[in-house]
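Working notes, structure below.
Note that the coordinates shown come from a computational prediction; the quantities given were computed from them, not determined experimentally.
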Amino acid sequence: MSSLLSAELSATCNALGTYDKRTGKYLIDDFTLNTVKDLIRYLRRDGEDHEIRRHFGQTKVLQTDLLPMLIDHWKHTDLFDVTLRLLVNLTNPALLLYHEEVPVERTARHNYLQILSHLQSYKEEAFTKVETWNVFAKKLAKILEIDWSERDEDTGLIIERILILIRNVLHVPADLDREKRPENDASVHDQVLWALNQSGILDILLYMSSENEKQYFMHIIEIISHLLREQNPTSLADAALQRSVDEKLRDEQELLSIRMAENKNKLNKIKQYSATRHSRFGGTYVVQNMKSISDNELICLKPLNKISNINFNGSKKSKLVKPKNRRPVESGILERRSAFAIRLFLKEFCIEFLNSSYNPLMHYVKDVLVRAKAQQNDESYYLWAVKFFMEFNRGHNFQVGLVSETMSVPMFHYVQQQMEKYYDMIKVEKKKFATWVRRLHLALRAYKELLNTLLAMEKSSDSTVKESAKVLKSNIFYVLEYREFILSTFLNYDENKMPRSYLVDLVETVHLFLKMLEHYCKKTGLVVQKKVRKKTKSKKKKSNKSQSQKTKNPEPEIPPWEEIRAQLAAVLSSGTEHLAAPFDAASDVPIDQQKEDCMKNIQKLMRSHKFEDVVGMFRAAREVWPEEGIFGVNGIPEDEELEMLETIYNTDLGVENNDVVDENDTQENSDYDEEDEEEEEKSTTIVETDFNFQDFVSRFCHPRIVSACVYLLEGYDKNLPHTNHCIVKMLHRIAWDCQRPSMMFQATLFLTFQRILENPLEQFKEMEKFAIFILRKFTEVAAKNNKVFIELLFWKNSKDANEVQHGYDLYIDQKDKPGRGAWSEEQEEELRRLYMENQTNPETNQDVIDWILENLIDQTRTRRGVISKLKELGLIFKAPTKRSNKEMAKGRVPKEFSEEEDQQLRDLWDECKEIDDPMSVIISRMPKKRQKRSYVDRLLQLGIIQDKKECRKKRQKKSKVKSSGTDDDKSNDSSSGADSSDQSDNEDDKRSSPKPIKRKAPNKAPKKYRESAKNNKKINVPQLSANEIAKLLVEAVDSGLTDGLKWLAENLEEVALDQEAEGYDPTAEGVPLVPISSESVEAMENKFFQQILKGIGVVPPSDEQETFWRIQSSLHFKTIRKRREIIMKAVHKEIILTDIPTANDVEQSQSMKSVEQSGNDESSDDDDLFNNLRKLRENVETPTRTNKSVNNDIVRRKRSRSVDPDERGKKAKMQKIDEYEELSLDRNDDDDDILSFAKKTLEQEEFPDTEDILKDLPTANSDDSAKEDEEDIVLPAKPANKKRRAVIDDDSD
C-alpha cells in the first residue's frame, strides 16, 4: 500500500469521532455520516489483495470507533443504517472474499490468514460484549412490533442485515492455538453465545422462526447451525444441574487413559537415558552361529540378554509418511464440551425450537430447496439441522411428533439423492473435492440419524409409533435403490479423499442398516423389488406375430356401395383443399407400380370411410397420370367421377379388408414400433421376489470393504467402543456368515491382532475373540496350503479366498466354473494372430475356418466356436479366395431372367405343356435353380400363359371304382386333391379332442439330388424301429458302453451345429467319426456298438480307401439332434421299455423293411412290390379292424400324431411313440415314408396301376425346391386308448 493511501485512510478513520473517557460516550459531529459512507466507498474499490480491508483490521477501527458509535447513537436511523452496512462488509467471511477457495499462492495465503486473524480479533474484542448485542436486540424488537404486512423495504433490509451480521460473527472459526481452552471452559465462541442469550437475541430468533417470518427462515437455520456447531446433541440433551453417571464414568476412563499414557512415556524416557553413556559407545559384539550378509559372523552394536531381542530394522528407512497436501482434509466437525451454563441455556433453546418451530421451518426450507429458490449449496444447513435436532430429540424424551416433518420415505430419498450428487461432483471437480467431501459427510450423518430414529421408533412403547416404523422399514427395504445405495456407498470410499471421521460414520451406518434389515427379515420376511432384463423382441417374431393376428382376426364385411354413395357424392360436390401425394418421387418403386398402389390406397380409404382423402388422392392422381385417363380427365363431371370411384370400390385389387390405414400412418406406426422395440431391447423391468439376506451380505465380500475396515481397526485404541464393535461385526459377517475367513489373511490385520493380544483389556474382549478365530483358521489353512504365507501380502476377493482355503483352480460355486468353450487370453491372442496371418497371405484356396482349425494348438475347438469367437473379437472376413465366400457368390441367383433363359423357358413350355406336370420338368431342366413361383410369374410376364392354373399338375384319370377308393386316391395328390379332402378333414378334426398339429406337405426333389441319392443307395444300411434302437441303447448302457455313447452324442451335436451354421447340403460328403480317446477307440472296435451306429444312420467305410465310419450328409440336423437326445436319455437311464415286441411285431417290422428296400431300389419288380404290400396288409389288418376311425385318419393323412391326455401327468422329459409311429422312420425329416403310402394303398379295394404307384412315391427334398407347393396338412390326434411301446423321443420327424 502506498503511503498516500495509508495516510488518507488513517485520516478518514480519525474523522469519524472521538471517545470521551470521562463520560464513556462516543462523540460525533455533522460529518460522521459522510465519513462512514467514505469508508464504504473505499472498501468497494478494494483490490484482489484486500489491502484496504487489512488496513482497517490493523487500525482496529471496528473496535474503537464503529461499535462505540453504534452503541451510543443507535437511535440515529441514517447513521445506524450506514454503520450496519459497513459492519456487515467488514465481517464478511474470509472464504467468501476468495470465492470459497483457500489460496495456495504464498502472498495470497498470507493475506488470507491476516484477514482471518482480524475477524477473530473482531469476534473476541467487540462481539463478546452484551452491550453490543443489546443495541441490535432493541432495534429488532422495535421493528418486529410492526406487522410484517405493514413494513417497508428499508425496514426489511435492516432485519436481514442484522441477521447476516450475526451469521458473520458466528461463522468466524476458533483459534485453538491462541485460546487453548480445555473442555468445560468458556471459549470465545461460548462468550459470544452467552452475550446473545443475555441480550435476548436467541429469544428473538425463536420468535422469528414462527409462521409469520418465512422470508427469513434460511437466515435463521444458517445462524442456528453456526450457533450449535461445536455441540454434541447427545451430551447437550443429557445436560442437567448435576453430572450424570455416564458422564462421570466417561470422565474417569479418559483420565485413566491419560495417566497410563503419561506413565508409559516416563518409563520410556528413563530407559533411554538411564545409562551414563550412549549405548553406541559400549563396544562391538559378535553373534555366534549367525552369519551376516557375507560369510563373517553377524556384528551387533548393543549387548543382548536374549537372542530374540535382536533387531534388523535399525538401518531401514522410516515408514513413508504422506505429505500434508495429499492427506484427506478432515470434515471440520469439531465437537467440544462447553461451559455448564452455556450447555444449560442451549438445551432450553433446542427444546423450545423443537416444540414450536422445527416442523414448520423445515417444511418451508425443504420446499425452497426443492424449488431451487435458495442460494447454491444451502442444503448443507438443512442436512445439519436434520442430524442435530433428530439426535437431540432421541436423547431428550423421544417424541416422533416433534420431528415428523423429516421422518418420512421422501426424506430418505432426498438425502440419498444429495449424496449421489456429491459423489458425482467429487469426480467432476477433482481440485475442489474437499468441499464436496465435507458436504457428503453431512449428508451421511443425516442418513445415519434417520436410521437411528427409525430404530428408536421401533423400540417405542407406543403401538402406533411401532406400526409407523414398520411401514417405513417395509417401504425402504422394499425398493431396490435404497438397498443398493448402502453397498455402493461403502464401495465408493476413497481413503485418499475422504477423512477417517467419514469412514467411522460410514461403518456405523452400514452396521445399523444391516442390523435392521436382518431383524426385519427374520421377524416378518421381506418381498423386495428386483431388476431383471426384459426379453428382447426380434423384428422377425414381431412380424410373424402380426401376421398371425391378421389371420386370426376375421375379415370385416365390405359395406355395399349404396351406403357410402351419398356421402362420397356430397364430398365430390363440396370439393377438398387437401390433395394427398399419390406417389413418392424418391422411392425406388417404378412409376407404374406406384400407379397400382395409388389405386389400392384409394380403395382402402373408401372402405375406411375417409372420403375427403379419397377425393383428394383421386384428383391428385389425375394430374400425375393424365395421359391414360385411368383416373379421368380434367373437367370430368362429378357423375362420371362417382362412377369411376364405384368401379374402383367394387373391383378386387388384392387389398385386405382389415388393412384400412394409409401409407403414411403405417410408415409412422412402423417407425414408432421400431423405436419402441429398440428401447425394449435396452430396458429392464422390475419384478417382486423373496429377499435373501445372506445373498445380500455376501455382496459385501469385497477387498475394498475389508481394507477399509482393517484401516479403521488400526486405531482401535482411539476408536469408541461402538465403532470397534461395528468394525468387528462387519468382518465377522464376511468371515463367519459368508464363510470367507481367508479374506482376513492379511499382514496389516495380523499386526493389529498382535497389538490387541499383547495388551488385553476388557473393552477389547470382542476383538480378542475374533483375532483368535482368524488365527486358528490361518493355521488350519497353512497346514494344507504352504502358499498362504505369500497371500498375506495381498487383498483377496471372494474367489481368491475360496482358492486359498480350498485349493487353487477349484470353483466351489457352479456359476464360477468357466464354460466348455471358454477362451483364455493366450488362446484369443493365438486366434487373432492366425487370422491376421491368413488374411495377409490369401494364397491358398482353403477355407479360413478350416485353416485356423488346423493350426490351432487346441484341436478340440469346433468350427462354430471359432466363428462365434471371431465375431466377438470383431474380425471380419475380407479375403476373396475363401471357400465360404465363393460358395456364397455361387449360390446367389439374380432376380432378373436373361434373354437365353427366356428363350429356353419358351422352348421348354412348348415341349412340356401337354404333360401332366410340366413345371417339374421345366424346373429340373433350367440351368439356374429358382422357385416355381418365379418361373410361373415369368411365363405370365412373357405372355406365354394366360392363367397360373395352366401350370398346375393335371389330375390323372382312373378307372371307375368304388367311391371310397377314388376319394382316397385323389387325396394323395398334393396339388389337386387337397381341396376334395378338406371337408372330411375338417369333420374329423372336430371329432378329435386334442389340438391339431400342422405339418408341411413334401416337395419334389431336383434331378441333382436324385442322382446323388442313387449313389447313396449302394450302401445298404438296415433301418431299425424305434423300439429296437431303444433296446440296443439300453443294452449298451448295461454293458458299459456309456463313455462311447457320450462320445457319439457329442459328435452328433457338433455335426448338427456345423450343418445348421453352414446350411443343409445332402450332396456333401459325410462327416467321419474319428476316435481319439481310449474309450472311443474301444467302442468303435465293439461289434455291438457298430450295430448301434448302423441303427442310427452311421455308415461303415464303403471301400478300402475309407478308414472311418461316416455320418451321412443326407441326415437333416433336426433328425440328428433327435437321435442324439435318444442316446442321452439312454445314458441317463430315462428310457423305459414297457413291452417286449412279439413275433407278429417282428414280422411286421421285417415286412416294413422289405417295403422300404423295394421303394428305394429302382430295379425292383412291380409284382414284388405288391406281394410285400399284401403281406403288410395281412399284418396290420387286425389293429386296423379294432378302430376304424384311426385307420381312416391314417388313410386321409400322412403320419398322424397324438397326445395321450391320460399320460400327461408323467415325466415331462418322456414322450410316447405309437406302435405305428415306430415303423415310420424316415431318412429325411419332412418327407413321406413308404409305410404311410403303403397303408393308404392297402385301404383301397382295387389297386391302382404300377406306374401310378411309382409316380406317387415320395422323393427327397432339396433346399431349392418350390416353396409354393407346400400345403399345410392338419393332423388330428389319435385316440387315447392306443398301445404304447417305448418311452422315448421319436426321431422320425
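- Classification of R733 and E518 as a salt-bridged pair holds, one side-chain N sitting under 4.0 Å from a carboxylate O.
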If you look only at distance, which donor and acceptor atoms sit under 3.5 Å apart when one is on a side chain in residues 170-182 and the other is two or more places apart or in another chain?
residue, atom, partner, partner atom, Å
R178, NH2, E124, OE1, 3.2
R181, NH1, A186, O, 2.2

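- No donor-acceptor distance shorter than 3.5 angstrom exists from the side chain of N393 to the backbone of F389, with no hydrogens or angles considered.
- Atom CE of M260 sits about 6.5 Å away from atom CG of N759, to the nearest 0.5 Å.
- The backbone N or O of L472 lies less than 3.5 Å from no partner atom in the side chain of N475, so there is not a single donor-acceptor pair.
- Heavy atoms of other residues, nucleotides or ligands lying less than 6.0 angstrom from NZ of K60 number 12 at most.
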Take R167 and E222 through the salt bridge (charged side-chain N to carboxylate O under 4.0 Å, His left out) test and state the conclusion after the steps. CA-CA 7 Å; R167 189 279 311 267; E222 188 176 358; 2.8 Å; yes
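- Around OH of Y207, the count of heavy atoms belonging to other residues, nucleotides or ligands within 6.0 Å does not exceed 12.
- Every residue meeting the side chain to side chain donor-acceptor pair (under 3.5 Å) condition with E766, not counting sequence neighbours, appears here in chain and number order: H725.
- Checked against R336 for a side-chain hydrogen bond (donor to acceptor under 3.5 Å, both in side chains), the options D185, D190, N184 give a single hit: D190.
- With salt bridges taken as basic N to acidic carboxylate O contacts below 4.0 Å, one links K473 and E458.
- In this structure, F136 and W133 have tilted ring planes: the angle between them lies in the 30° to 60° band.
- A distance-only check finds no donor-acceptor pair linking the side chain of S404 to the backbone of V400 [under 3.5 Å].
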What do the steps show when you test D147 against R151 for salt bridge (charged side-chain N to carboxylate O under 4.0 Å, His left out), and what is the final call? CA-CA 7 Å; D147 189 70; R151 297 177 202 150; over 6 Å; no
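- Considering only residues two or more places apart in sequence or on other chains, Y414 meets the ring-ring contact (aromatic ring centres under 6.0 Å, His included) condition with Y382.
- Proximity of the aromatic rings of F770 and F764 is defined here by a centroid distance below 6.0 angstrom, and this criterion is not met.
- Put simply, the side chain of K347 never gets that close to the backbone of L236: no donor and acceptor are under 3.5 Å apart.
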